[in-house]
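Just so it is clear: chains get the letters A, B, ... in the order the sequence lines come, proteins before strands, and each one is counted from 1.
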Protein chains: 2
Amino acid sequence: MKQFKEYLNRISKIEDATFNELQKCFKPIKLRKNQFFAREEEYSKQIGFLKKGIVRAFFLNQEGKEYNKQFFVAPSIIGAYTSLITKQPNKIAQQALTDCQILVADFSKIEALYDEFHDLERLGRKIAEFYFLEKEQKEIEMALLDADKRYLILRERFPTIETIIPQYYIASYLGISPTQLSRIRRKMQQS
Amino acid sequence: MKQFKEYLNRISKIEDATFNELQKCFKPIKLRKNQFFAREEEYSKQIGFLKKGIVRAFFLNQEGKEYNKQFFVAPSIIGAYTSLITKQPNKIAQQALTDCQILVADFSKIEALYDEFHDLERLGRKIAEFYFLEKEQKEIEMALLDADKRYLILRERFPTIETIIPQYYIASYLGISPTQLSRIRRKMQQS
DNA sequence: TCGATTCATTTACATATGTAAACGAATCAA
DNA sequence: TTGATTCGTTTACATATGTAAATGAATCGA
């Protein structure tokens with residue numbers, strides 16, 4: 001729990017009393033590689049704090065092909081945020097890419113605490129803002145940079161990720177085919 | 001101000017006392033077509049409520065070519081949100097595409113009110129969440145749909161927009177060249 | 001009214017990228 | 001150890017899309 005508290009505190013100061021209430025909502029679980037934290041079509045109820053491991057978020061197009069939207073590398077908050085907020089069916093699956101340790105809570109319980117603890121509401125605001133910033137950052141990268149550069153950025157940001165997950169996941173994250181990623185990798189080796 | 005209050009109330013209930021304090025921060029301004037609400041490289045200070053008109057958000061790539069990121073159609077909140085949150089220089093310009101009526105406030109004044117008014121903090125959270133949802137929606141559209149379908153969606157969402165702004169702005173929003181948009185339009189006329 | 005400007009379209013061409021299939025290396029399980 | 005499986009790469013080919021330039025229509029200002 002210490003790791004969790006520090007993680008939250010770095011986002012927004014949280015009082016001890018607040019964290020005490022908050023932590024009561026969370027329980028540790030383990031996820032094996034390839035198990036799911038959130039599934040498509042379900043109404044998501046749970047939010048998690050990823051203590052250890054890597055999780056991918058992905059969705060499927062009409063032909064059933066996967067598009068990897070995001071990688072969560074611990075420490076990170078995970079969960080089908082959009083489904084939790086909108087109470088609509090989840091479009092985005094989240095799956096463990098490695099064995100994971102996670103603290104899990106019912107999101108409704110946390111929402112119920114917002115009324116009582118203003119600093120928790122503030123934390124919620126900061127997290128939403130942070131999610132927004134991440135999205136905008138990716139939007140700009142997708143619009144401004146070609147796949148070569150996005151690949152380099154990904155490798156800088158998560159140097160270990162390539163040793164852990166297959167190339168075709170990375171290609172999908174970059175929005176290109178595995179063939180194209182292979183071409184990019186070859187070109188980069190030559191120079 | 002009524003329109004503004006109703007707009008906010010639809011996002012999150014706001015008490016009269018809170019709104020009274022809040023509205024003191026805002027002043028009406030007008031923007032002529034092509035004038036800027038936010039500029040690149042500046043440290044943004046102001047947030048706005050767009051009462052009337054259309055504003056585009058865009059940024060430039062290395063060659064100085066514009067990419068239209070978003071269209072704000074009244075009623076809407078505008079402002080360089082990322083710069084306001086991070087206090088970093090703004091990367092995204094916002095420019096009036098039509099004559100506009102806007103309520104403007106110093107963002108720092110609003111942030112100062114967060115401490116006092118819990119319901120305002122909640123509103124801030126909801127707005128951040130809403131921004132996030134919008135971004136995720138666009139991310140999914142960009143990843144899953146080809147330009148043809150994204151074009152149709154844009155036309156459904158803003159039926160008037162094509163009569164107001166040039167095609168090459170729309171092409172840029174869709175992430176394609178004007179040539180390609182023209183090809184798509186021709187194909188759609190034929191069928 | 002007339003010339004200039006803006007803008008959508010079109011054409012020709014080059015290129016980037018996807019798809020499908022084959023191949024081979026590495027890994028894994030029996 | 002061996003056969004199967006997974007996965008990255010490569011090849012061949014088709015196609016989508018960008019760029020550059022020309023054209024023509026519409027609009028605007030003097």
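For the OP1/OP2 pair of D:dT11 and a distance below 4.0 Å, the side-chain nitrogens and oxygens of A:Arg186 include at least one atom meeting the criterion. Applying the 4.0 Å criterion to OP1 and OP2 of C:dT17, one finds that A:Lys187 has every side-chain N and O outside that range.
Rounding to whole angstrom units, CZ of residue A:Arg185 and P of D:dG8 are separated by 8 Å. In this entry the distance linking CG of B:Leu97 with C1' of C:dT6 reads 16 Å, nearest Å. Going from atom CG of B:Asn34 over to atom C1' of D:dC28 covers 14 Å, rounded to whole Å. Separating the CD atom of B:Gln167 from the P atom of D:dA26 is a distance of 15 Å, rounded to the nearest angstrom. Atom CZ in B:Arg150 sits about 13 Å away from atom C1' in D:dT17, given to the nearest Å. Remark: C1' of D:dT27 and NZ of B:Lys33 are 11 Å apart, rounded to the nearest angstrom. In this structure, B:Leu181 places its CG atom 10 Å from P of D:dG18, rounding to the nearest Å. Between the C1' atom of C:dA16 and the NZ atom of A:Lys149 lies a distance of 15 Å, rounded to the nearest Å.
Of the N and O atoms on the side chains of A:Arg186 and A:Gln189, not one donor lies less than 3.5 Å from an acceptor on the other residue.
Counting only heavy atoms from C-beta on, A:Pro178 has its side chain closest to D:dT9 among D:dT9, C:dA20, C:dT9. The side chain of A:Tyr168 approaches D:dG8 more closely than any other nucleotide in the set D:dT10, C:dA8, D:dG8. Of the candidate nucleotides C:dT19, D:dT17, C:dG18, C:dT19 has the atom nearest to the side chain of A:Lys65.
Looking at A:Arg125 and A:Glu129, a side-chain N of the basic residue comes within less than 4.0 Å of a carboxylate O on the acidic one, giving a salt bridge. At a threshold of 4.0 Å, the pair B:Arg150-B:Glu141 does not count as salt-bridged, since none of the basic side-chain nitrogens sits closer than that to a carboxylate oxygen.
Follow the hydrophobic side-chain contacts under 4.5 Å out from B:Ile85 and you reach B:Leu120 in the same cluster.
Residue B:Gln70 is tested with B:Gln94, B:Arg56, B:Glu134 for a side-chain hydrogen bond (donor to acceptor under 3.5 Å, both in side chains); the sole match is B:Glu134.
Evaluation of atom-type donor-acceptor distances gives a pair under 3.5 Å for the side chain of B:Arg183 against the base of D:dG18.
A:Ile176 comes within contact range of the sugar-phosphate backbone alone, with a heavy-atom separation under 4.0 Å but no base atom that close.
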